[in-house]
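All remarks here apply to the structure that follows.
The figures that follow rest on heavy atoms only: side chains count, while hydrogens, waters and symmetry mates do not. All chains are named by letter (A, B, ...) in the order of the sequence lines, taking the proteins before the strands, and each is independently numbered beginning at 1.
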2 protein chains.
Amino acid sequence: MRYHKIADETIRRLPIYLRGLLSLSEQNQANISSKDMADILGVNPWQIRKDFSYFGVFGTAGVGYNIKKLIKQIKKILKLDVVHKAALVGAGNLGLAILAYPDFGIYGFDIAAAFDTNPKKIGRKVKNITIEDVSNLSTLKKRKINLAIIAVSWDKAQQTADALVKAGIKGILNFSPCYIRVPKKVKVITIDIATDLARLPYYMPAS
Amino acid sequence: MRYHKIADETIRRLPIYLRGLLSLSEQNQANISSKDMADILGVNPWQIRKDFSYFGVFGTAGVGYNIKKLIKQIKKILKLDVVHKAALVGAGNLGLAILAYPDFGIYGFDIAAAFDTNPKKIGRKVKNITIEDVSNLSTLKKRKINLAIIAVSWDKAQQTADALVKAGIKGILNFSPCYIRVPKKVKVITIDIATDLARLPYYMPAS
DNA sequence: TCTCAATAGAGTTCACATTCACAAAGTATT
DNA sequence: AATACTTTGTGAATGTGAACTCTATTGAGA
Ligand SMILES: NC(=O)c1ccc[n+]([C@@H]2O[C@H](COP(=O)([O-])OP(=O)(O)OC[C@H]3O[C@@H](n4cnc5c(N)ncnc54)[C@H](O)[C@@H]3O)[C@@H](O)[C@H]2O)c1
Ligand SMILES: NC(=O)c1ccc[n+]([C@@H]2O[C@H](COP(=O)([O-])OP(=O)(O)OC[C@H]3O[C@@H](n4cnc5c(N)ncnc54)[C@H](O)[C@@H]3O)[C@@H](O)[C@H]2O)c1
């Protein structure tokens with residue numbers, strides 16, 4: 001039996017739909033059909049309709065979906081209708097790139113703190129964020145930060161996760177190429193860039 | 001009907017298995033059981049056995065799998081048994097982080113060229129790679145580079161992909177939050193960091 | 001040599017996801 | 001008002017993958 005009523009694969013697609021809808025909304029478009037949306041995002045129209053039907057969005061036959069209404073619904077389902085403060089751990093090459101990225105805000109994220117162990121990094125200020133020593137991780141709960149991004153060297157990933165869990169973090173985006181052990185109530189999503197790259201040659205025609 | 005005989009989900013897991021096996025191999029371990037491997041990588045033992053059975057790897061009952069043999073087989077299936085030269089397009093925050101990453105080599109990748117449009121970046125040297133002007137993309141075919149990483153600003157992603165296809169690129173790892181249109185024979189894998197982050201709150205218990 | 005524990009590999013079942021087709025419901029046109 | 005057209009929403013069919021079971025095989029130790 002599934003705990004969440006909406007299929008995981010649908011949840012995976014919702015942020016993609018949301019991204020497209022936000023862009024259309026900026027262009028002051030009011031409605032869109034599943035077909036047009038499919039063209040823009042590179043998915044099937046019936047997949048879009050099926051996904052929406054799971055959570056009872058009602059479009060209008062002959063017209064399509066109201067973009068603003070749809071954005072609101074998807075944000076609500078994904079719990080993106082409130083701002084989420086996030087912490088970055090590991091201000092190395094990848095970590096600093098993430099810290100510099102301005103567009104997490106469209107989904108309602110605010111990277112509000114950054115941590116490292118390297119004394120050369122600690123105290124540096126990036127985009128109004130002062131990099132702190134990892135010993136400060138324990139202050140996260142007080143600061144109402146319950147989401148973290150791990151970008152430390154792989155051999156420190158597990159211990160970082162342990163510290164984050166202790167600090168009350170509920171969700172982790174992990175960039176290290178490691179399986180991270182956490183209590184069941186904590187959700188980890190891992191992005192392993194190298195393994196994704198490693199899938200590519202399999203699908204490439206022989207040169 | 002599927003074109004490739006091995007399931008996509010299996011292919012997705014193979015690089016993860018490979019990563020674990022390479023690490024064990026360095027520690028001079030000879031054999032490993034599906035159970036122990038499952039513990040290390042955080043997957044099910046029967047999933048591992050089923051995946052291996054698809055391509056006829058034969059382990060030894062009572063002993064497990066021979067690590068060196070298994071590495072060789074997985075590399076062959078993923079076509080990682082030869083070195084793949086890759087090009088990076090977009091030497092910004094993310095691009096430079098990728099260029100600096102030393103561990104793509106374990107899968108047999110060699111980032112052999114980098115491109116940008118910004119005159120301030122062009123000519124800069126990073127890890128023996130001199131950043132070139134994008135007009136040089138046309139030289140990729142001659143240089144036997146058939147794999148590229150897109151890390152340009154999102155609004156330039158499609159035109160970059162078009163240029164890459166024209167230059168004979170067969171596989172693209174795309175970091176821009178965009179659907180990229182390419183001919184069928186070209187494979188695109190997109191890593192959209194923000195949409196992955198956006199899935200996290202849905203799975204987090206209410207704080 | 002026999003027995004037992006460990007473990008692979010194949011088969012089965014179940015759960016989930018995608019695709020398709022079409023009726024129902026709306027809009028636009030005449 | 002009637003007709004033609006567009007687009008949604010969903011039930012059914014199909015496809016895919018995960019979970020689990022069972023049996024055969026192997027290695028090691030009595
Ligand atoms: N850069 C890439 O393209 C890339 C690709 C694939 C995977 N990764 C993974 O992402 C992670 C980060 O990569 P990177 O390239 O930024 O590495 P990096 O070495 O540039 O940065 C790591 C940073 O983490 C800090 N750090 C180390 N231990 C720490 C600890 N215990 N607590 C807090 N900070 C700590 C270091 O001081 C450093 O600043 C690594 O796990 C790497 O394997 C990176
Ligand atoms: N940095 C992140 O954490 C992050 C997160 C999610 C998505 N992304 C995506 O990754 C991509 C790169 O992000 P970034 O943070 O490195 O951006 P960035 O602005 O730091 O870098 C973009 C680089 O691309 C170069 N460029 C622009 N147009 C080009 C062209 N036509 N050809 C070649 N080079 C060109 C620019 O000169 C710049 O150096 C973007 O599409 C972004 O949306 C980044």
Side-chain angles (χ1 to χ4, degrees), chain A residues 1-17 20-21 24 29-70 73-74 77 179 184 199 202-203, chain B residues 1-17 20-21 24 29-71 73-74 77 179 199 202-203:
Chain A
M1 241 246 311
R2 46 175 341 109
Y3 174 68
H4 297 284
K5 60 180 183 300
I6 298 178
D8 284 342
E9 291 301 310
T10 297
I11 293 297
R12 186 188 302 275
R13 285 185 291 265
L14 287 186
I16 298 172
Y17 300 155
L21 291 165
L24 289 165
Q29 196 176 326
N31 296 293
I32 188 160
S33 70
S34 56
K35 186 176 173 308
D36 289 347
M37 217 170 133
D39 285 343
I40 293 169
L41 299 175
V43 290
N44 293 322
W46 49 76
Q47 180 78 79
I48 294 178
R49 293 204 298 276
K50 175 78 55 175
D51 282 339
F52 289 171
S53 79
Y54 286 138
F55 53 93
V57 171
F58 295 109
T60 310
V63 174
Y65 298 91
N66 178 281
I67 292 174
K68 285 212 184 327
K69 208 172 106 187
L70 200 45
Q73 287 233 38
I74 295 179
I77 289 162
Y179 166 55
K184 269 196 306 293
R199 278 160 55 212
Y202 176 79
Y203 294 101
Chain B
M1 241 242 314
R2 44 174 348 108
Y3 174 68
H4 296 285
K5 60 178 184 299
I6 297 178
D8 285 341
E9 292 301 310
T10 297
I11 294 295
R12 184 189 303 275
R13 285 186 292 266
L14 287 186
I16 298 172
Y17 299 155
L21 290 165
L24 288 165
Q29 196 175 326
N31 296 292
I32 188 158
S33 69
S34 56
K35 189 177 170 305
D36 289 347
M37 217 171 132
D39 285 343
I40 293 169
L41 299 175
V43 291
N44 292 324
W46 50 75
Q47 182 77 78
I48 293 177
R49 292 202 299 274
K50 173 75 48 165
D51 284 340
F52 290 171
S53 77
Y54 286 139
F55 53 94
V57 171
F58 295 109
T60 310
V63 175
Y65 298 91
N66 178 281
I67 291 175
K68 285 212 184 327
K69 208 173 105 187
L70 200 44
I71 288 174
Q73 287 236 35
I74 295 179
I77 290 162
Y179 167 55
R199 277 160 56 212
Y202 175 79
Y203 293 101

Between Ile48(B), Val43(B), Asn44(B), which is the residue that forms a side chain to side chain contact (heavy atoms under 4.5 Å, CB included) with Trp46(B)?
Asn44(B)
For a quick check of understanding: with a heavy-atom distance under 4.0 Å over all strands, which category does Thr10(B) fall into, base, sugar-phosphate or nothing?
nothing
Would you mind classifying the nucleic acid contact of Arg13(B) as base, sugar-phosphate or nothing, using non-hydrogen atoms under 4.0 angstrom?
sugar-phosphate
Within this structure, what is the CG-to-C1' distance between Asp51(A) and dC16(C), rounded to whole angstrom?
13 Å
Separation between CG (Asp51(A)) and OG1 (Thr10(A)), nearest 0.5 Å, reads 4.0 Å
Quickly work out the Arg12(B) CZ to dA18(D) C1' distance and round it to whole Å.
15 Å
Classify Val43(A) by what it touches in the nucleic acid, base, sugar-phosphate, or nothing, heavy-atom distance under 4.0 Å.
nothing
Quick one: do Arg12(B) and Asp8(B) make a salt bridge, cutoff under 4.0 Å?
no
Using OP1 and OP2 only, check whether a side-chain N or O of Ser34(A) sits under 4.0 Å from dT7(D).
no
Are any of the side-chain heavy atoms of Asn31(A) and Thr60(A) separated by less than 4.5 Å?
no
Taken to the nearest whole Å, CZ/Phe55(B) to C1'/dA10(C) is 16 Å
Phe52(B) atom CZ is separated from dA18(D) atom P, nearest whole Å, by 14 Å
How close do Leu14(B) and Ile77(B) get, counting heavy atoms only, and between which atoms?
CD1-CG2, 3.9 Å
Specify the separation, in whole Å, of atom CG of Asp39(B) and atom C1' of dT7(C).
14 Å
Tell me what Tyr54(B) touches on the nucleic acid: a base, only sugar-phosphate, or nothing, going by heavy atoms under 4.0 Å.
nothing
Give one of base, sugar-phosphate or nothing for Tyr65(B), where a contact means two heavy atoms less than 4.0 Å apart.
sugar-phosphate
Rounded to whole Å, please give me the gap between CG in Asp8(A) and C1' in dG17(D).
14 Å
Heavy atoms under 4.0 Å is the rule here; annotate nucleotides 19-30 of chain C 5' to 3' with B where the base is hit, S where only the sugar-phosphate is, and - elsewhere.
BBB---BSS---
